[in-house]
Asker: 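I'd like to ask you about the structure that follows.
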Amino acid sequence: MATDVLKQTDVLKQLDERIQASVARIHQLRKENEQLAQKLAETEKRYADAAGQVKQLSAERQQHENERNDVRNRIEKILTRFDGIDLG
């Protein structure tokens, strides 16, 4: 009977150790989850900032393209006028 009590005590001790290990692992995983959530939030913010910059740069590029086309058209008109002048 004493052997049975010792076996039960050992089983309870092992169960307690497993529970404590599980609780410690849960705490560790929660901490890791919080860290990952923070990294994700930071990454999402950087992504949003970069997307804003891309949008701004795209708008600036389009504006420069429009200005360049305007200048090209003006130069072509000027050159067309010169083509019509008889210099001889």
Asker: Do the non-hydrogen side-chain atoms of L40 and L36 ever get within less than 4.5 Å of each other?
Answerer: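 Counting from C-beta outward, L40 and L36 never come under 4.5 Å.
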Asker: Judged by modelled atom types alone, do D16 and Q20 share a side-chain donor-acceptor pair under 3.5 Å?
Answerer: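 Yes, Q20 and D16 have a side-chain donor paired with an acceptor closer than 3.5 Å.
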Asker: Nearest 0.5 Å, please: how far is NE2 in H64 from CD in E60?
Answerer: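 So the CD of E60 and the NE2 of H64 are separated by 6.0 Å.
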Asker: How about CZ on R81, more than 12 heavy atoms from neighbouring residues, nucleotides or ligands closer than 6.0 Å, or not?
Answerer: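 Counting other residues, nucleotides and ligands, CZ of R81 stays at 12 neighbours or fewer.
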Asker: Go through the steps for D10 and Q14 under the test side-chain hydrogen bond (donor to acceptor under 3.5 Å, both in side chains), then give the verdict.
Answerer: CA-CA 6 Å; D10 285 343; Q14 289 175 355; over 6 Å; no
Asker: Salt bridge or not for R74 and D70, using N-O below 4.0 Å?
Answerer: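 Looking at R74 and D70, the cut-off is not met.
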Asker: With distance as the sole criterion, is a donor-acceptor pair present between the side chains of E67 and Q63 under 3.5 Å?
Answerer: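 Note: E67 and Q63 side chains meet the donor-acceptor criterion.
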Asker: Output yes when R68 and E65 qualify as a salt bridge under the 4.0 Å nitrogen-oxygen rule, no when they do not.
Answerer: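 The answer is yes: the pair qualifies as a salt bridge.
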Asker: For a quick check under 3.5 Å, do N33 and R30 share a side-chain donor-acceptor pair by atom type?
Answerer: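 No, no side-chain donor-acceptor pair sits under 3.5 Å.
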Asker: I'd like to know whether R72 forms a side chain to side chain contact (heavy atoms under 4.5 Å, CB included) with N69, so could you lay out the CA-CA distance, the side-chain angles of the two residues, the decisive distance to 0.1 Å, and finally the verdict.
Answerer: CA-CA 5 Å; R72 181 185 307 133; N69 287 335; 3.2 Å; yes
Asker: Could you work out the complete set of other residues in the hydrophobic cluster of I19, with links drawn between I, L, V, M, F, W and Y side chains under 4.5 Å apart?
Answerer: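 Traced through the cluster, I19 reaches L15, V23.
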Asker: Which residues end up grouped with V54 if you chain together Ile, Leu, Val, Met, Phe, Trp and Tyr wherever their side-chain heavy atoms are less than 4.5 Å apart?
Answerer: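 Grouped by the 4.5 Å side-chain rule, V54 forms a cluster of one, so the answer is none.
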Asker: Side chains of D49 and Q53: is there a donor and an acceptor less than 3.5 Å apart?
Answerer: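 No donor-acceptor contact under 3.5 Å links the two side chains.
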Asker: In Å and rounded to the nearest 0.5 Å, what is the CZ to CD distance from R46 to E44?
Answerer: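 Output value for this atom pair is 11.0 Å.
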Asker: Evaluate the side-chain proximity of E32 to L29: yes if any heavy-atom separation is below 4.5 Å, no if none is.
Answerer: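 Yes, at least one pair of side-chain atoms sits under 4.5 Å.
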